[in-house]
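Below: the structure, in structure tokens.
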Amino acid sequence: MYINIILSGVVTGTVIALLKKYNVLGKMLNILKIETTCPIPTAWDYVFSKYESYWVEIEVSSGKQIRGLFSNMSYASSEYDNRDIYLEKLYEKKSDNSVWEKVERTKGVWISSSDIKHIKFYELEEDE
């Protein structure tokens, strides 16, 4: 009896998570032409709430480009007044080619919200 209760909870939780992840309800409402308000207040919250991995290129206020990996050990603040970001791996682009090379002996980089001008996101290939 208890196994049925546990299994039904696991199945229900999995179904709800998948419905939310793939926005099934929102897509159905959109097909039915029912307007809804977005529960995610900013583009920052939208991108970083997806829990995806990206190569990122951040331009800071000095004009410098900071390149790195945003993945499961990275962090983007969800505080409205302080949108700082931590990248778990730091990379640099060598001037002779467009390949990003990992900066050795670093543990990532923290960037203050006041320094961020804009962020470019690049797809992370499955084998990277």
Side-chain angles (χ1 to χ4, degrees):
M1 169 146 164
Y2 292 113
I3 193 76
N4 289 338
I5 294 171
I6 292 171
L7 283 177
S8 66
V10 169
V11 169
T12 302
T14 302
V15 169
I16 290 171
L18 289 172
L19 290 173
K20 184 174 180 180
K21 180 178 181 178
Y22 294 107
N23 194 22
V24 173
L25 182 59
K27 290 176 183 176
M28 287 174 32
L29 292 172
N30 194 22
I31 289 170
L32 296 171
K33 306 284 189 231
I34 298 173
E35 290 189 33
T36 60
T37 58
C38 181
I40 302 173
T42 67
W44 179 279
D45 294 317
Y46 171 74
V47 169
F48 293 115
S49 69
K50 295 183 347 178
Y51 300 105
E52 294 182 354
S53 297
Y54 306 101
W55 293 112
V56 296
E57 191 170 32
I58 301 172
E59 183 175 341
V60 293
S61 53
S62 68
K64 182 180 177 185
Q65 301 289 326
I66 298 176
R67 295 168 183 86
L69 175 65
F70 183 89
S71 195
N72 61 339
M73 297 302 292
S74 298
Y75 181 77
S77 172
S78 59
E79 279 189 43
Y80 184 73
D81 293 334
N82 190 18
R83 302 294 180 144
D84 60 346
I85 188 169
Y86 167 74
L87 303 176
E88 64 190 70
K89 292 184 182 173
L90 183 62
Y91 286 78
E92 60 188 7
K93 190 166 152 180
K94 299 296 182 182
S95 59
D96 56 336
N97 61 30
S98 62
V99 175
W100 292 13
E101 294 183 13
K102 186 174 187 284
V103 177
E104 296 300 325
R105 299 182 59 184
T106 64
K107 295 291 280 181
V109 62
W110 170 79
I111 305 166
S112 168
S113 60
S114 61
D115 286 333
I116 299 172
K117 284 179 71 176
H118 67 266
I119 304 175
K120 293 180 186 176
F121 297 89
Y122 300 96
E123 259 186 66
L124 191 65
E125 300 296 326
E126 292 297 321
D127 58 344
E128 294 180 302

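Here the structure is a predicted model, which is why all the values come from computation and not from measurement.
- The aromatic rings of W100 and W55 lie perpendicular to each other, with more than 60° between the two planes, well past the 30° mark.
- Put simply, the side chain of F121 reaches to within 4.5 Å of the side chain of V56, judged on heavy atoms.
- Here the straight-line distance linking atom CG of N82 with atom OG of S112 works out to 6.5 Å at 0.5 Å rounding.
- Between I40 and S49, the closest heavy-atom pair is CD1-OG, 4.0 Å.
- The minimum heavy-atom distance linking D84 with W110 is given by the pair OD2-NE1, 2.8 Å.
- Within the structure, every pair that satisfies the salt bridge (Lys or Arg N to Asp or Glu O under 4.0 Å) test and touches residues 65-81, not counting sequence neighbours, is listed here: E57-R67.
- The ring pair (Phe, Tyr, Trp, His ring centres under 6.0 Å) pairs that include a residue from residues 15-46 are W44-F48, where partners are two or more places apart or lie in different chains.
- When the side chains of ILVMFWY residues are joined at heavy-atom separations under 4.5 Å, either directly or via intervening members, I5 and V11 end up in two distinct hydrophobic clusters.
- A distance of 11.5 Å separates NZ of K102 from CD of E92, quoted to the nearest 0.5 Å.
- Atoms NZ and CD, on K117 and Q65 in that order, are 9.0 Å from each other to the nearest 0.5 Å.
- Each of I119, I58, I85 was evaluated against F70; a single residue qualifies, I85, per the side chain to side chain contact (heavy atoms under 4.5 Å, CB included) test.
- For the atom pair CG of L90 and NZ of K107, the computed distance is 13.0 Å after rounding to the nearest 0.5 Å.
- Residue M73 is not grouped with residue L87 when hydrophobic side chains (ILVMFWY) are merged at heavy-atom distances under 4.5 angstrom, including chains of intermediate members.
- S53 and N72 make their closest contact through OG-N, 4.4 Å (heavy atoms, listed as atom of the first residue, atom of the second, distance).
- In this structure, the separation between OG1 on T106 and CD on E88 is 10.5 Å, given to the nearest 0.5 Å.
- For the atom pair M28 CE and N23 CG, the distance stands at 11.0 Å (nearest 0.5 Å).
- You'll find the side chain of L25 stays beyond 4.5 Å of the side chain of L19, heavy atoms only.
- Note: the hydrophobic cluster containing Y86 does not contain I66 (ILVMFWY, side chain heavy atoms under 4.5 Å, direct or indirect links).
- Formation of a donor-acceptor pair under 3.5 Å by the T12 side chain with backbone atoms of G9 is not found in this model.
- For D45, the salt bridge (charged side-chain N to carboxylate O under 4.0 Å, His left out) partners two or more places apart in sequence, or in a different chain, are R83.
- Note: the hydrophobic cluster containing Y54 also contains V103 (ILVMFWY, side chain heavy atoms under 4.5 Å, direct or indirect links).
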